[in-house]
Every structure is written in structure tokens, then in C-alpha cells.
Participant: 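Once you've had a glance at the structure underneath, I'll fire off some questions.
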Amino acid sequence: MRVNPKYLAILEMVAKIPKGNVSTYGEIASLSGFPRCARLVGTALRSDVSGPRIPWYRVVNSQGKLSFPIGSPKYKIQKQRLVEEGVVFHKGSIDLNQYGWGRDLDKALWS
DNA sequence: GCACTGACTCCCA
DNA sequence: ATGGGAGCCAGTG
């Protein structure tokens with residue numbers, strides 16, 4: 001009810017994002033079994049507003065930025081939340097290469 | 001039931 | 001780097 005099973009997968013995935021890390025909509029979509037359905041993730045999160053239990057703020061777009069208009073209440077909240085978890089905003093953007101979920105490993109290999 | 005919109009992403013000019 | 005177009009699925013009028 002309220003949410004389709006698909007959403008549950010997405011929400012679960014979001015909930016699995018390690019603290020101090022962030023992920024992208026596309027990433028979540030793929031990991032939850034819906035490649036190219038980034039919008040579904042957004043819709044799912046939006047629909048799941050009912051659940052403060054989901055760390056939706058750990059989800060950012062592929063540009064490493066928040067998907068809300070700058071200055072928007074949600075933007076501020078999300079940003080603050082991330083900062084509190086140790087995520088650093090670099091010029092208004094997050095370094096996915098460093099905080100992206102799963103990217104950190106790649107980075108280690110690359111360095 | 002159709003059409004538009006939206007917390008997106010990718011690809012090409 | 002920037003902008004436009006297509007693709008994806010659900011929610012809403």
C-alpha cells in the first residue's frame with residue numbers, strides 16, 4: 001500500500017548507503033534493479049516522504065549536486081544533513097569520486 | 001484513460 | 001562546458 005514493491009527495493013537501497021557516503025539516483029536505480037530509471041528513485045523518495053527513516057538526503061544527482069533549487073528548504077536540509085555526516089561540499093558540489101557509494105574503492109585503486 | 005510533470009541520466013551538437 | 005532531445009516509470013489532473 002502507498003508504495004509499490006519496486007519502491008521498497010529503492011528505499012531499502014537508499015537505507016543501505018553507508019553513513020558519510022552519498023549515492024546518485026542512477027546508482028540507486030541500477031543497484032535496486034531498475035537501470036535507467038533514475039526518475040523512479042526520485043518519485044519513490046518523494047512518495048516515501050512518509051518515512052523519515054529513509055536517509056533520502058544521501059541521494060544526490062549524477063552531477064554531485066542536490067536536486068533541489070539552491071536556497072530551497074529541502075536543499076538546505078539535505079546539505080546540512082550531509083555535512084553533519086562528514087560530507088564536504090566543494091563549491092556547492094560533492095566530490096562523488098570521494099564520497100560516492102562504491103566510488104571510494106575505485107578511487108583507492110586509482111591512486 | 002490520456003497527457004503533462006517530475007527529487008534523473010545519457011548522448012550528441 | 002553548455003544546451004537540447006530522448007528514454008524511463010509513476011503520480012496527478
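In what follows, every chain begins at residue 1, and chains take the letters A, B, ... in the order their sequences are listed. Just so it is clear, the structure is predicted and the values come from calculations on it, not from any experiment. Values below: all heavy atoms of this structure, side chains included; hydrogens, waters and symmetry mates excluded.
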Participant: Rounded off to whole Å, could you give me the CG-to-P distance for the Leu96(A) and dC8(B) pair?
Facilitator: 15 Å
Participant: Any salt bridge (Lys or Arg N to Asp or Glu O under 4.0 Å) involving residues 8-24 of chain A? Give me the pairs, sequence neighbours left out, ordered by first then second residue.
Facilitator: none
Participant: Just how far, in rounded Å, is C1' of dG6(B) from CD1 of Ile10(A)?
Facilitator: 14 Å
Participant: Checking Ser67(A) now: which residues fulfil side-chain hydrogen bond (donor to acceptor under 3.5 Å, both in side chains) with it, not counting sequence neighbours?
Facilitator: Tyr25(A)
Participant: Among all residues two or more places apart in sequence or in another chain, which pass the side chain to side chain contact (heavy atoms under 4.5 Å, CB included) test with Leu40(A)?
Facilitator: Tyr7(A), Ile10(A), Cys37(A)
Participant: Checking Ile17(A) now: which residues fulfil side chain to side chain contact (heavy atoms under 4.5 Å, CB included) with it, not counting sequence neighbours?
Facilitator: Val14(A), Asn21(A), Ser23(A), Ile28(A), Arg58(A), Val59(A), Trp101(A)
Participant: dC8(B) C1' sits how many Å from Gln78(A) CD, rounded?
Facilitator: 13 Å
Participant: Could you write out each protein N or O paired with an N or O of nucleotides 3-9 of chain C at a distance under 3.5 Å?
Facilitator:
from   : atom 1 : to       : atom 2 : distance (Å)
dG7(C) : O6     : Arg39(A) : NH1    : 3.0
dC8(C) : O4'    : Arg36(A) : O      : 3.3

Participant: What residues, two or more places apart in sequence or in another chain, satisfy side-chain hydrogen bond (donor to acceptor under 3.5 Å, both in side chains) together with Gln63(A)?
Facilitator: none
Participant: In whole angstroms, how far is the P atom of dA1(C) from the NZ atom of Lys65(A)?
Facilitator: 10 Å
Participant: Given atom CD of Glu27(A) and atom P of dC8(B), what is their separation to the nearest angstrom?
Facilitator: 16 Å
Participant: To the nearest Å, how far apart are Leu45(A) CG and dA10(C) P?
Facilitator: 15 Å
Participant: Expressed as a whole number of angstroms, how long is the span from Lys76(A):NZ to dA7(B):C1'?
Facilitator: 18 Å
Participant: For a quick check under 3.5 Å, do Gln80(A) and Tyr57(A) share a side-chain donor-acceptor pair by atom type?
Facilitator: no
Participant: dA7(B) P sits how many Å from Trp56(A) CH2, rounded?
Facilitator: 13 Å
Participant: Any idea which of dC10(B), dC8(B), dA7(B) is nearest the Arg46(A) side chain?
Facilitator: dA7(B)
